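First the proteins, then the strands, lettered A, B, ... as listed; each starts at 1. These numbers come from a predicted model, not from an experiment.
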Number of protein chains: 2
Amino acid sequence: MSQRLPATARREQILAVALNVFADAGFHGASMNDIAVAAGVTKPVLYQHFDSKRDLYKALLDDVGNRLLEQTAKATAEATDGKSTTELGFRAYFRWVAEDHAGFRLLFGGGTSTDDEFASAVAAITAQAAAATVPLIDVDRPESSRRTLAHALVGMAEGASRRLVELGDDFDPDEIAEEVSTLAWAGLRAL
Amino acid sequence: MSQRLPATARREQILAVALNVFADAGFHGASMNDIAVAAGVTKPVLYQHFDSKRDLYKALLDDVGNRLLEQTAKATAEATDGKSTTELGFRAYFRWVAEDHAGFRLLFGGGTSTDDEFASAVAAITAQAAAATVPLIDVDRPESSRRTLAHALVGMAEGASRRLVELGDDFDPDEIAEEVSTLAWAGLRAL
DNA sequence: CGGAGCGGTTACCATCCGGTAACAGTGTCT
DNA sequence: AGACACTGTTACCGGATGGTAACCGCTCCG
């Protein structure tokens, strides 16, 4: 079937394939055999590159999460004031979603199961996103309140994205970002 | 062990126990045996009341989802204008979360897996919540845009709640609702 | 008393699936 | 050519778990 591949190339191919399979079926719904078949190899090959199913899944979670955080961090680095930070942050988020539907579904589609390790990996990602949002919120409030509001803002992006991804159609991330950030920024100024 | 119970009482006890077990461990993480033990009975008893594990889980999903939608619908029915609708809606939502952590985690905690049937049940609930939110959004926008923004608003409540539930501490739902609805309403007016 | 109805239990099956040992094909360097 | 390294396969094991058949025993009624 598939060509023989050097180890590093095979590893990346497996990661790419597994991302889609896991995104479709979830951690438990996808078997290692499913992934192997989708990659055009057999099960033991997977175990040459990853210690366990969990290990593979975790690697994906980390990869995808880091891509999200890096892209938003990079985008907001150029911002000067709160308003542009908000706009650039949302734009980066929605661009990421638009170009990596599978990644979004992996992280936020519900397949993460209630496994402690996976759940906290995802929680760590949203927590980091929220942490980046905290400074936008009126400093006159208690820290815990600001954090909760930050999670609410991150939830806006997640909620909107979930619908867009479920619809399946492509969408213009910049357009969505503009609307959502308008909504968010006006809210922030009102606090 | 546990008393002998009449059928209806046993059924409700099982639902109550299963809600907590599923909320903790997720659909796949919780075995029927786990639930039976937690209920103080043995496995076949579960099958006297529910056709299958899926059936039991689905019943919970529907119960919990309906409770959420009913409570918010009832609360917003008394509202006169957009602002009070927003406030009352968020208040009802956060009150529901505060008094049913397990229910929130069942629906939105990630345990729903990527199972099609379950996922669409949850999607239907958030879609209904969003549908109730759509009228609050500036009618000058295209329908799809309004729906996406509605999902963003629902996502605010979900995002904030997820953090609060993860913290584990009790919280004052009315206080949170006031902050979040301030944020949301100001945003809505700005559109 | 005795039997019918019902709530509950023991013991079991079948299947799926993560994980592994042993082996086989292919290219490369001497 | 032949030895070695590396990629990939076949065939299998063992544990977990959804689901079921058969049986037990209480309680209430005639």
K.L.:
How would you list, by chain and number, every residue that makes a ring pair (Phe, Tyr, Trp, His ring centres under 6.0 Å) with B:His101, sequence neighbours excluded?
P.N.:
none
K.L.:
Using heavy atoms and a sub-4.0 Å distance, could you list which residues of residues 21-34 of chain A are near DNA chain D? By number, please.
P.N.:
none
K.L.:
Test of understanding: with ring pair (Phe, Tyr, Trp, His ring centres under 6.0 Å), list the residues that count as partners of B:Phe94, not counting sequence neighbours.
P.N.:
none
K.L.:
Among residues 43-57 of chain B, which contact DNA chain C at a heavy-atom distance under 4.0 Å?
P.N.:
B:Pro44, B:Val45, B:Gln48
K.L.:
Kindly state each residue pair satisfying salt bridge (Lys or Arg N to Asp or Glu O under 4.0 Å) with at least one member in residues 168-177 of chain A, sequence neighbours excluded.
P.N.:
A:Arg95-A:Asp174
K.L.:
Could you list the residues that satisfy side-chain hydrogen bond (donor to acceptor under 3.5 Å, both in side chains) with B:Asp81, not counting sequence neighbours?
P.N.:
B:Ser84
K.L.:
Kindly write out the residues that satisfy ring pair (Phe, Tyr, Trp, His ring centres under 6.0 Å) with A:Phe108, not counting sequence neighbours, or none if the list is empty.
P.N.:
A:Phe104
K.L.:
What pairs meet the salt bridge (Lys or Arg N to Asp or Glu O under 4.0 Å) rule with one or both residues in residues 49-63 of chain B, with sequence neighbours excluded?
P.N.:
B:Arg54-B:Asp115, B:Arg54-B:Glu117, B:Lys58-B:Asp62
K.L.:
Note down the inter-axis angle between the two ends of the helix from C:dC1-D:dG30 to C:dT30-D:dA1, five pairs each, to the nearest 10°.
P.N.:
20°
K.L.:
Using ring pair (Phe, Tyr, Trp, His ring centres under 6.0 Å) as the criterion, list what pairs up with B:Tyr93, not counting sequence neighbours.
P.N.:
none
K.L.:
Return the orientation label for the B:Phe118 and B:Phe27 ring planes: parallel under 30°, perpendicular over 60°, tilted otherwise.
P.N.:
perpendicular
K.L.:
For nucleotides 25-27 of chain D, tabulate all protein N/O to nucleotide N/O atom pairs closer than 3.5 Å, reporting atom names and distance.
P.N.:
unit_1, atom_1, unit_2, atom_2, d
D:dG25, N2, B:Arg4, NH2, 3.2

K.L.:
Which residue pairs pass the side-chain hydrogen bond (donor to acceptor under 3.5 Å, both in side chains) test when at least one of the two sits in residues 147-156 of chain B, sequence neighbours left out?
P.N.:
A:Arg163-B:Thr148, B:Glu143-B:Arg147
